[in-house]
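Take a look at the structure set out below.
None of the values given here were measured: they were computed from a predicted structure. Just so we're on the same page: letters track the sequence lines, and every chain starts at 1. FYI, side chains are in, hydrogens and waters are out, and symmetry mates aren't considered; it's all heavy atoms of this structure.
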Protein chains: 2
Amino acid sequence: MSFPNPQIKLTVDAIVFGYNEGKISILLIQRKYDPFKGQWAIPGGFVLENESLEEAVARELKEETGVSINYLEQLYTFGNVDRDPRGRVVSVAYFGLIHPEGHTLEATTDAEKAQWFDMETLPELSFDHKQIIDVAIERLRGKITYEPIGFELLETKFPFSNLEKLYTTLLGRPIDRRNFRKKINSLNILDELDEKISQGKGRPASLFRFNEKRYKQLQKEGIIFEI
Amino acid sequence: MSFPNPQIKLTVDAIVFGYNEGKISILLIQRKYDPFKGQWAIPGGFVLENESLEEAVARELKEETGVSINYLEQLYTFGNVDRDPRGRVVSVAYFGLIHPEGHTLEATTDAEKAQWFDMETLPELSFDHKQIIDVAIERLRGKITYEPIGFELLETKFPFSNLEKLYTTLLGRPIDRRNFRKKINSLNILDELDEKISQGKGRPASLFRFNEKRYKQLQKEGIIFEI
DNA sequence: TATATTTGCGTACTTAAAACACAATATAAA
DNA sequence: TTTATATTGTGTTTTAAGTACGCAAATATA
């Protein structure tokens, strides 16, 4: 069989989640050009011939939002025939996590502007991006219980209560503070720092830091993270 | 930005697992044309412009091996720049399960022949297909414990011991027969039939059938399958 | 100085997992 | 036809993990 040349285009898209004070947000861009000009969309774009998918998604994210990201994993590939009015476009979606603070948003190229949106109140979205986001949310909710990805959404130093709040938010249900703490402590993946922080009133809280080396060591020993 | 036309081609590949008497096997084809002419490879091929990814993978699998498949899910998309000597080819890999008996292999089009290979003794493979298979194996091993996909690998009626053997094989460790049976029974997802089967010597075994409706009902109730 | 608020730790209770023993039913060999 | 062997099928006890819950310590505010 010969080497065919169907008119199928390949894009990458990045669903980036952020977390701040009990709210999960998603990074969106406003499209500068047609189709869907002026509408909100997931950042992303066409893959260049000489770059890998991971390089493409990092580049597009940087171009359209100014954000560089630490945690990025492949989510799913969306290939319905009619998902793009311009023709056949298949998109490899990625799923990223950052802490919104410390990242300034700067839109260039295809994006008019970039902005964080509360996960609960998203605007109308271009293409099949709403569906893609639904898949991403499902993945985030599922993964948080068996991989320590929550720390990617927190600042490097955080009080225990912030971690707890993140989990109650993502799981959508209250968790017992004392049992949660016991479980995390039993895994030994947090380093308690000598610093303390006082948020509002009440007793000041110790700051903790996720110990990634320790976690990877546990993984090797076959010990699994589970909440 | 204009609608670009990079020379990126899109393929789909299908890693199909089978199971028979304590052995996991993988369905491979022998390539009829260059590159890698005569070498073994995962069945798959180029996506046509007017078909979805799922349609493409089912079509290619049928063409190259004669097999129609019941269980097929997206695995991962492989997009390294140099994974295909012909140029830039991105492949969306799918992951399928069937019971090898009752499927006659018939190679046509791009495949010289189709054949089952024991998972432990695979031949040298084309492209990055070895890596893709490694990802698929990892997925199969992981998923077997939290989704009842094992039944896709067994015949519709099976004795309990076959299910147990499948799990010991996939998990790579012995499991307690009595506790395993207790766990499966507690989920109520198996129907015991009035038939019995006698395999070799020993007491004849009752045949069971997976009750998918019952499982989906449990899912709705939030009860999770876990081994 | 008293009150409200948040952090931090400990113990009792409940449920699920792991370990283990023996009876029942068939085939094959003595 | 009796005995040995293999496989199926069902218990109970022990151990560990998960859940529920109470109370003291440290701070801000009234």
Rounded distance (Å) that lies between atom [atom2] of [N] and atom [atom1] of [X]:
X	N	atom1	atom2	result
B:E164	D:dT7	CD	C1'	11 Å
A:R181	D:dG22	CZ	P	20 Å
B:N162	D:dT7	CG	P	13 Å
A:K183	D:dA16	NZ	P	18 Å
B:K165	D:dT7	NZ	C1'	14 Å
A:N185	C:dG10	CG	P	11 Å
A:L207	C:dT7	CG	P	12 Å
A:F180	D:dA20	CZ	C1'	17 Å

We want to know whether B:N179 and B:K182 form a side-chain donor-acceptor pair, criterion being a heavy-atom distance below 3.5 angstrom.
yes
Tell me the closest heavy-atom pair linking [X] and [Y], and the distance in Å.
X	Y	value
A:L61	A:P43	CD1-CG, 3.7 Å
A:V12	A:L53	CG1-O, 3.9 Å
A:A114	A:E64	CB-O, 3.8 Å

N/O donor-acceptor pairs under 3.5 Å from side chains in residues 95-104 of chain B, not counting sequence neighbours:
{"unit_1": "B:H99", "atom_1": "ND1", "unit_2": "B:Y19", "atom_2": "O", "d": "3.4"}
{"unit_1": "B:H99", "atom_1": "ND1", "unit_2": "B:L153", "atom_2": "O", "d": "2.9"}
{"unit_1": "B:E101", "atom_1": "OE2", "unit_2": "B:N20", "atom_2": "ND2", "d": "2.7"}

All pairs passing salt bridge (Lys or Arg N to Asp or Glu O under 4.0 Å) where residues 15-24 of chain B contributes a residue, at least two apart:
B:K23-B:D118
cation_pi(B:R181, B:F160) dist<6.0 Å, angle<=45:
yes
Is the shortest heavy-atom distance from the side chain of B:F225 to the side chain of B:L218 under 4.5 Å?
no
Quick one: does B:V57's side chain get under 4.5 Å of B:I69's, heavy atoms only?
no
Less than 4.0 angstrom between a side-chain N/O of A:S206 and OP1 or OP2 of C:dT7, yes or no?
no
Checking A:Q219 now: which residues fulfil side chain to side chain donor-acceptor pair (under 3.5 Å) with it, not counting sequence neighbours?
A:Y215
Please determine which of B:L140, B:D134, B:V135, B:I42 meets the side chain to side chain contact (heavy atoms under 4.5 Å, CB included) test together with B:I15.
B:I42
So which protein nitrogen or oxygen atoms get under 3.5 Å of nucleotides 19-21 of chain C's nitrogens or oxygens?
{"unit_1": "C:dA19", "atom_1": "N7", "unit_2": "B:N179", "atom_2": "ND2", "d": "3.0"}
{"unit_1": "C:dA19", "atom_1": "N6", "unit_2": "B:N179", "atom_2": "OD1", "d": "3.2"}
{"unit_1": "C:dA19", "atom_1": "N6", "unit_2": "B:K182", "atom_2": "NZ", "d": "3.2"}
{"unit_1": "C:dC20", "atom_1": "N4", "unit_2": "B:R178", "atom_2": "NE", "d": "3.2"}
{"unit_1": "C:dA21", "atom_1": "N7", "unit_2": "B:R178", "atom_2": "NH1", "d": "2.6"}
{"unit_1": "C:dA21", "atom_1": "N6", "unit_2": "B:R178", "atom_2": "NE", "d": "3.4"}
{"unit_1": "C:dA21", "atom_1": "N6", "unit_2": "B:R178", "atom_2": "NH1", "d": "2.8"}

Near-strand residues of residues 217-227 of chain B, defined as heavy-atom separation under 4.0 angstrom from DNA chain C
none
Going 5' to 3' through nucleotides 25-30 of chain D, assign each nucleotide B (protein heavy atom under 4.0 Å from a base atom), S (under 4.0 Å only from sugar-phosphate atoms) or - (no protein heavy atom that close).
BBBS--
